[in-house]
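Scroll down for the structure; my scribbles are underneath it.
Here the structure is a predicted model, which means the values were calculated and not measured. Note on naming: letters A, B, ... go to the chains in the order of the sequence lines (proteins, then strands), and numbering restarts at 1 for each one.
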Amino acid sequence: MAAYPFADIEQKWQNFWQEHHINTTQDDFSKPKYYILDMFPYPSGAGLHVGHPVGYVATDIIARYKKMKGFNVLHPMGFDAFGLPTERYSMVTGIHPIEATAQNVETYKRQLGMLGLNYDWSREVNTTHPDFYKWTQWIFLKIYNSWYDKVLNKARPIDELPIPSELTDDIEIDKYRDEHRLAFIANIPVNWCEALGTVLANEEVDEWTGKGYTVERRPMRQWMLKITEYADRLLEDLEPLNWPTSTKEMQKHWIGKSVGAEISFPVLGEEDSIRVFTTRPDTVFGATYIVLSPEHPLVEKITTDDCRIAVDEYRKQASLKSDLERTELSKEKTGVFIGEYALNPATKKEVPIWIADYVLAHYGTGAIMAVPGHDERDHEFASAVGLPIVRVVTSNPRYFEERLVNDNEPDITVAAFTDYGFNVDSFNNEVSLDGLPTQEAKEKIIAWLEETGIGERKVQFRLRDWLFSRQRYWGEPVPIMYFDDGTKRSLDEDELPLVLPEVENYNPAGTGESPLATVDSWVNFIDKKTGKHARLETNTMPQWGGSCWYYLRYLDPHNSNAFCDFTKQQYWMGDNGVDLYVGGAEHAVLHLLYARFWHKVLFDYGLVSTKEPFAKLFHQGMILGEDNRKMSKSMKNVVNPDDVVREFGADSLRVFEMFMGPLESVKPWATKGVEGVSRFLNRAWRMIANEEYELSEHVQDIQMTPKQEFIVHSLIKKVEEDIESLGFNTAVSQMMIFVNEFTQTEIKPRQAMETFVLCLAPFAPHISEELWRIMGKTTSVCLEKFPTWDADKLVQSTVEIVLQVNSKIRSKIIVSADAHQESIEQIALLDEHVQKHIGTMTVRKVISVKGKLVNFIVG
RNA sequence: GCGAUGGUGGCGAAAUCGGCAGACGCACAGGACUUAAAAUCCUGGGCCUCGUAAGGGGCGUGUGGGUUCAAGUCCCACCCGUCGCACCA
């Protein structure tokens with residue numbers, strides 16, 4: 001028996017959809033909206049493998065379903081096309097990135113179209129098109145021209161920044177403003193690779209050092225975005241989002257809020273004080289030494305002469321280590337004494353100052369008060385180098401009287417006691433924490449610190465400012481120009497976009513600057529607005545730029561006056577933003593945090609109407625190769641969708657990817673599984689169509705039996721609920737059950753067949769369109785209403801009751817659904833299997849669950 | 001180490017509120033159709049055990065406990081897998 005002609009059908013209906021603009025989304029504000037979004041792909045040269053479209057198929061099903069439910073659905077697609085792989089490809093081949101990108105995009109669009117994914121391509125965005133990156137630059141400048149008002153808790157225009165009265169000089173005022181901008185220039189240590197002549201992102205370092213390159217930490221001039229100003233809001237607004245727990249937890253941890261205090265430790269014989277941050281100010285009486293990070297600015301100044309050689313050597317060693325090496329697992333802690341002492345402000349005792357690379361320069365103040373009795377790391381270090389360890393907290397509240405700790409509490413010299421407890425030996429002339437539980441001790445000591453001016457309450461975040469420049473060609477140019485007199489200006493809106501120039505080669509300049517620095521005609525010019533000679537910024541933006549706001553451009557992709565019309569934005573984003581965002585879990589932190597940050601800046605300016613961009617987020621699971629390993633060229637286990645579509649058709653591929661298992665799980669590919677799904681679609685076809693591709697003579701206009709109605713309405717209910725909850729695998733199962741049932745039925749009621757096709761349509765749209773036509777319909781099935789189910793049809797006249805004796809199943813009976821409990825129990829008791837197991841024993845108790853079981857407890 | 005998440009047949013998996021474990025599919029076995037094969041259709045099946053058979057009995061959702069008439073589902077302890085973070089003071 002021949003398979004249904006999927007190849008002809010799929011081509012035919014894809015053409016039909018395109019010709020009839022089936023998926024062109026209108027801005028019809030009268031309808032309820034549904035905005036469903038896929039994370040847009042980076043168009044790589046390799047094209048798609050079968051793992052890529054799994055999320056796109058899911059969103060396509062939901063989009064088609066929601067449309068059948070009467071929603072105005074926006075389901076757009078675009079390309080995140082800036083990035084290093086394309087630039088590398090261009091270095092090797094000489095093919096311009098624009099051209100390479102265009103080719104790759106074409107391949108992607110062909111493959112996506114082949115799968116019957118009904119994107120509205122009239123809204124396509126591409127981050128590398130000047131029409132698009134004009135607005136990426138525009139938003140960047142919005143950020144650049146802002147400062148963060150901590151009182152109003154929002155970004156405001158830099159012109160509104162209050163200037164301290166003592167600043168009168170223009171240059172000084174400018175500098176003051178620059179320090180407060182949300183985009184600023186800083187000299188920070190980056191991963192510099194001399195041989196490659198470029199900086200590397202943290203995640204790239206491993207790759208290159210593995211190939212034998214050396215990477216060093218070197219301070220360089222970089223653009224930074226002050227995402228840290230939004231730390232609290234990014235944390236708070238996370239809570240109500242309908243996102244996977246794991247992703248919310250990861251973002252929470254990434255932001256890393258911790259509450260404690262900053263305390264000053266005066267350096268003996270110097271004017272300087274060392275500021276430390278601690279979450280346990282209650283342990284200040286146990287601080288027996290101070291540790292500065294090797295990069296701490298005071299090290300240079302206060303190291304004594306006799307310690308200088310050792311200190312310099314240690315600092316040099318530390319600078320050569322990458323972050324990774326410095327934080328390596330179970331590494332012995334090292335450090336050196338710098339020769340100076342500080343005063344513990346609580347105990348008034350002298351404590352030695354050390355440097356050690358277990359203290360990070362970029363967290364807190366880059367210095368700590370070490371409390372070896374109550375911090376594992378400090379304990380480890382103190383034990384290694386022989387510094388004093390004292391107890392100031394114990395779990396035994398009666399420690400005072402007895403000077404004894406609880407049995408389960410370790411000797412303080414052996415291990416740190418890090419739990420909360422009660423303070424001991426924590427007093428001076430002004431304050432005593434003795435006997436107080438940790439929480440109260442914290443409050444009391446902070447009050448004392450603030451009274452005496454020694455320290456203050458402090459909230460610290462792990463989140464760092466965002467390094468926003470790359471020394472690359474293939475990225476958005478930063479639209480800032482510098483004049484010879486040391487002043488600078490950002491481009492005005494009418495000067496955007498600042499377009500990338502043509503270049504001869506894409507290699508880095510060799511000076512730590514991007515390839516753009518070598519294009520003299522682009523970099524150096526006379527500024528038309530000021531008439532002054534100017535030099536352009538040569539850094540470009542990182543790949544995250546475009547993806548921070550692309551979801552807004554889809555709403556109004558051709559607008560040349562704004563990144564997006566506000567009214568359209570209001571309609572499509574609604575109260576909570578994108579209704580459903582589907583994409584890989586690998587973007588759980590970076591992309592999803594950066595996009596939230598940009599969105600909040602736009603929100604502060606009233607340019608978007610929601611606090612958050614993505615109301616609901618879902619991560620689809622990866623599809624592995626048939627060998628259970630990650631699909632990759634080198635493993636030779638890549639399955640190409642083109643092959644699958646050629647052999648089984650796009651509908652089979654779509655339905656199989658949904659049938660494989662839960663959307664969120666990682667699961668291996670199985671060609672045999674596609675065959676199974678293909679069999680199902682063929683059975684569905686034959687259920688309705690005959691060998692001549694006409695309506696089968698077995699499909700007739702007859703009344704459904706109650707049992708058939710039950711099957712039909714169960715199908716509608718299950719498919720509807722499963723699409724809403726993204727449980728596509730069980731929706732497919734239900735459709736299979738339907739086909740199994742009706743294949744065995746001689747005469748198939750036409751009504752049942754129509755309902756089936758409507759339910760199948762979101763999943764397998766091509767075959768559904770064709771079957772719809774075969775059943776004599778003249779419309780497109782995807783423009784039909786989704787069927788509704790009737791609860792009355794799901795009530796069965798008889799039910800099966802399980803009979804148990806002492807909770808073991810011994811028999812089953814079928815009774816009328818409205819039978820009385822007592823009569824069921826009577827029938828049950830007379831059942832021969834039940835009788836056999838009861839035997840001579842007495843029935844002590846009977847448990848009946850309506851419609852389910854009767855359980856006789858005997859003994 | 002910390003955080004999240006998962007563990008069910010030979011395989012992918014299902015199971016609403018604690019109520020028939022294994023739906024649906026793959027693979028497998030038997031049968032029908034066929035000269036034959038493919039395709040298709042029908043039937044079977046968790047494991048062990050007793051029985052020639054019909055049929056019966058026991059065990060079974062990572063492990064060990066607990067609650068309950070009843071546990072894949074709830075509680076406690078532990079083991080293993082996956083992902084993320086990892087000296088953040």
Practice task
Name the nucleic acid region contacted by A:Thr743, choosing base, sugar-phosphate or nothing; use a 4.0 angstrom heavy-atom cut-off, strictly under.
Solution key: nothing
Completion exercise
Checking N1-N3 plus N6-O4 or O6-N4 for Watson-Crick, or N1-O2 and O6-N3 for wobble, each under 3.5 Å, the partner of B:rU34 is none
Fill in the blank from the handout: Ranking B:rA89, B:rC41, B:rA70 by distance to the side chain of A:Tyr363, first place goes to B:rA89
Practice task
Would you check, one step at a time, whether the test side chain to side chain donor-acceptor pair (under 3.5 Å) holds for A:Thr418 with A:Glu376?
Solution key: CA-CA 7 Å; A:Thr418 58; A:Glu376 277 171 28; 4.5 Å; no
Practice task
Can you tell me the distance, in whole Å, between the CZ atom of A:Phe728 and the P atom of B:rA14?
Solution key: 14 Å
Exercise for the section: Please state whether the base of B:rC20 and the side chain of A:Lys812 form at least one donor-acceptor pair under 3.5 Å? Expected result: yes
Problem - Nearest-nucleotide pick for A:Val359, side chain only, options being B:rC87, B:rA89, B:rG19 - result: B:rA89
Exercise for the section: Identify whether any heavy atom of A:Arg810 sits under 4.0 Å from a base atom; if not, whether one sits that close to sugar-phosphate; answer base, sugar-phosphate or nothing. Expected result: sugar-phosphate
Problem - Sub-4.0 Å heavy-atom contacts from residues 365-373 of chain A onto RNA chain B, ordered by number - result: A:Ile368
Handout entry: Inter-nucleotide C1' distance (B:rG18, B:rC74), Å rounded
Key = 8 Å
Fill in the blank from the handout: Under a 4.0 Å heavy-atom cutoff, the residues of residues 667-682 of chain A touching RNA chain B are A:Lys672, A:Gly676, A:Arg679
Problem - A:Lys808 vs B:rC59: side-chain N/O to OP1/OP2 distance below 4.0 Å - result: yes
Handout entry: Interatomic distance at P, B:rG7 relative to B:rA13, whole Å
Key = 10 Å
Handout entry: Rounded distance (Å) that lies between atom C1' of B:rU16 and atom NZ of A:Lys718
Key = 9 Å
Fill in the blank from the handout: B:rC47 -> Watson-Crick or G-U wobble partner, both distances under 3.5 Å, gives B:rG58
Exercise for the section: May I ask you to say what A:His374 touches in the nucleic acid, namely base, sugar-phosphate or nothing, with a heavy-atom cut-off under 4.0 Å? Expected result: nothing
Problem - Spacing of the C1' atoms in B:rA23 and B:rA39 (rounded, Å) - result: 27 Å
Practice task
Using a heavy-atom cut-off of under 4.0 Å over every strand shown, decide if A:Lys248 touches base, sugar-phosphate, or nothing.
Solution key: nothing
Exercise for the section: Give a yes/no answer on whether the side chain of A:Ser258 brings an N or O atom under 4.0 Å of OP1 or OP2 in B:rA89. Expected result: yes
Handout entry: Between B:rC24 and B:rU61 - P atom distance, rounded Å
Key = 22 Å
Exercise for the section: Would you indicate what A:His619 reaches in the nucleic acid, counting non-hydrogen atoms under 4.0 angstrom: base, sugar-phosphate, or nothing? Expected result: nothing
Fill in the blank from the handout: The answer to which of A:Ser733 and A:Thr245 contacts RNA chain B further toward the 5' end, by nearest nucleotide, is A:Thr245
Practice task
Select one nucleotide: of B:rG19, B:rU43, B:rC85, the one nearest the side-chain heavy atoms of A:Leu853.
Solution key: B:rG19
Exercise for the section: Scan A:Phe659 against the nucleic acid and name what it touches under 4.0 Å (heavy atoms): base, sugar-phosphate only, or nothing. Expected result: base
Exercise for the section: Find the partner of B:rC17: check Watson-Crick (N1-N3 plus N6-O4 or O6-N4) and G-U wobble (N1-O2, O6-N3) distances, both under 3.5 Å, and reply none if neither fits. Expected result: none
Practice task
Taking only Lys NZ, Arg NE, NH1 and NH2, and the carboxylate oxygens of Asp or Glu, determine whether A:Glu675 and A:Lys672 approach each other closer than 4.0 Å.
Solution key: yes
Practice task
Remember a base hit wins even if backbone is also touched, and classify A:Ile857 as base, sugar-phosphate or nothing at under 4.0 Å, heavy atoms.
Solution key: sugar-phosphate
Problem - Which nucleotide in B:rG19, B:rA89, B:rC85 has an atom nearest any side-chain atom of A:Thr278 - result: B:rA89
Exercise for the section: Look at all strands and tell whether A:Asn740 reaches a base, only sugar-phosphate, or nothing, counting heavy atoms closer than 4.0 Å. Expected result: sugar-phosphate
Problem - B:rG22 and B:rG72, which share atom name C1', separated by this distance in whole Å - result: 11 Å
Practice task
For A:Ile809, answer base if it contacts any base atom (sugar-phosphate contacts may also be present), sugar-phosphate if it contacts only those atoms, and nothing otherwise; contact means non-hydrogen atoms under 4.0 Å.
Solution key: sugar-phosphate
Completion exercise
With syn meaning chi within 90° of zero and anything else anti, the base of B:rG44 is anti
Handout entry: Any-strand Watson-Crick or G-U partner of B:rC83, both distances under 3.5 Å
Key = B:rG3
Practice task
Provide the distance between the two C1' atoms, one in B:rC26 and one in B:rA86, to the nearest whole Å.
Solution key: 41 Å
Practice task
Considering only atom P, compute the distance from B:rU68 to B:rA29 and round it to an integer number of Å.
Solution key: 49 Å
Problem - Whole-Å gap separating P (B:rC2) and CG (A:Asp419) - result: 12 Å
Problem - Shortest side-chain distance from A:Val802, nucleotide among B:rC20, B:rC69, B:rG19 - result: B:rC20
Problem - Short N-O contact, A:Lys667 and A:Glu657, less than 4.0 angstrom - result: no
Problem - Nucleotide of B:rC87, B:rC24, B:rA14 approaching A:Thr730 most closely (side-chain heavy atoms) - result: B:rA14
Exercise for the section: Ignoring backbone atoms, establish whether A:Asn729 has a side-chain N or O less than 4.0 Å from OP1 or OP2 of B:rA14. Expected result: yes
Practice task
Pick base, sugar-phosphate or nothing for A:Lys257, based on heavy-atom distances below 4.0 Å to the nucleic acid.
Solution key: nothing
Handout entry: N/O (side chain, A:Gln734) to phosphate O (OP1/OP2, B:rA14) under 4.0 Å
Key = no
Problem - Distance-only donor-acceptor test, A:Glu800 side-chain atoms vs B:rC20 base atoms, 3.5 Å - result: yes
Handout entry: Sugar-phosphate only, base, or nothing, as touched by A:Gln804 at under 4.0 Å among non-hydrogen atoms
Key = base
Fill in the blank from the handout: Of the candidates B:rC87, B:rG25, B:rC69, the side chain of A:Lys845 sits closest to B:rC69
Handout entry: Counter-base of B:rU52, judged by Watson-Crick or G-U geometry with both distances under 3.5 Å
Key = none
Practice task
Please check the phosphate of B:rC41 (OP1 and OP2 only) for any side-chain N or O of A:Arg683 closer than 4.0 Å.
Solution key: yes
Handout entry: B:rG56 versus B:rC75 - spacing of their C1' atoms, nearest Å
Key = 37 Å
Problem - Syn/anti state for B:rC59 [syn: chi within 90° of 0] - result: anti
Fill in the blank from the handout: With A:Glu262 as partner, the option from A:Arg457, A:Gln460, A:Arg275 fulfilling side chain to side chain donor-acceptor pair (under 3.5 Å) is A:Arg275
Practice task
Please work out if A:Glu626 contacts a base, only the sugar-phosphate, or nothing of the nucleic acid, heavy-atom cut-off 4.0 Å.
Solution key: nothing
Handout entry: Any-strand Watson-Crick or G-U partner of B:rC26, both distances under 3.5 Å
Key = B:rG10
Practice task
Would you mind checking if A:Arg810 and A:Glu832 are paired as a salt bridge, meaning a charged N to carboxylate O distance below 4.0 Å?
Solution key: no
Practice task
Would you give the length of the straight line joining atom CZ of A:Phe461 to atom OG of A:Ser258, rounded to the nearest 0.5 angstrom?
Solution key: 8.5 Å
Exercise for the section: Would you classify A:Pro662 as touching base, sugar-phosphate or nothing, given that sugar-phosphate means primed atoms plus P, OP1 and OP2, and contacts are heavy atoms under 4.0 Å? Expected result: sugar-phosphate
Practice task
Give A:Ser246 one of three labels, base, sugar-phosphate or nothing, depending on what nucleic acid heavy atoms sit under 4.0 Å from its own.
Solution key: sugar-phosphate
Practice task
Choose from B:rC41, B:rU43, B:rA89 the nucleotide whose nearest atom is closest to any side-chain atom of A:Gln744.
Solution key: B:rU43
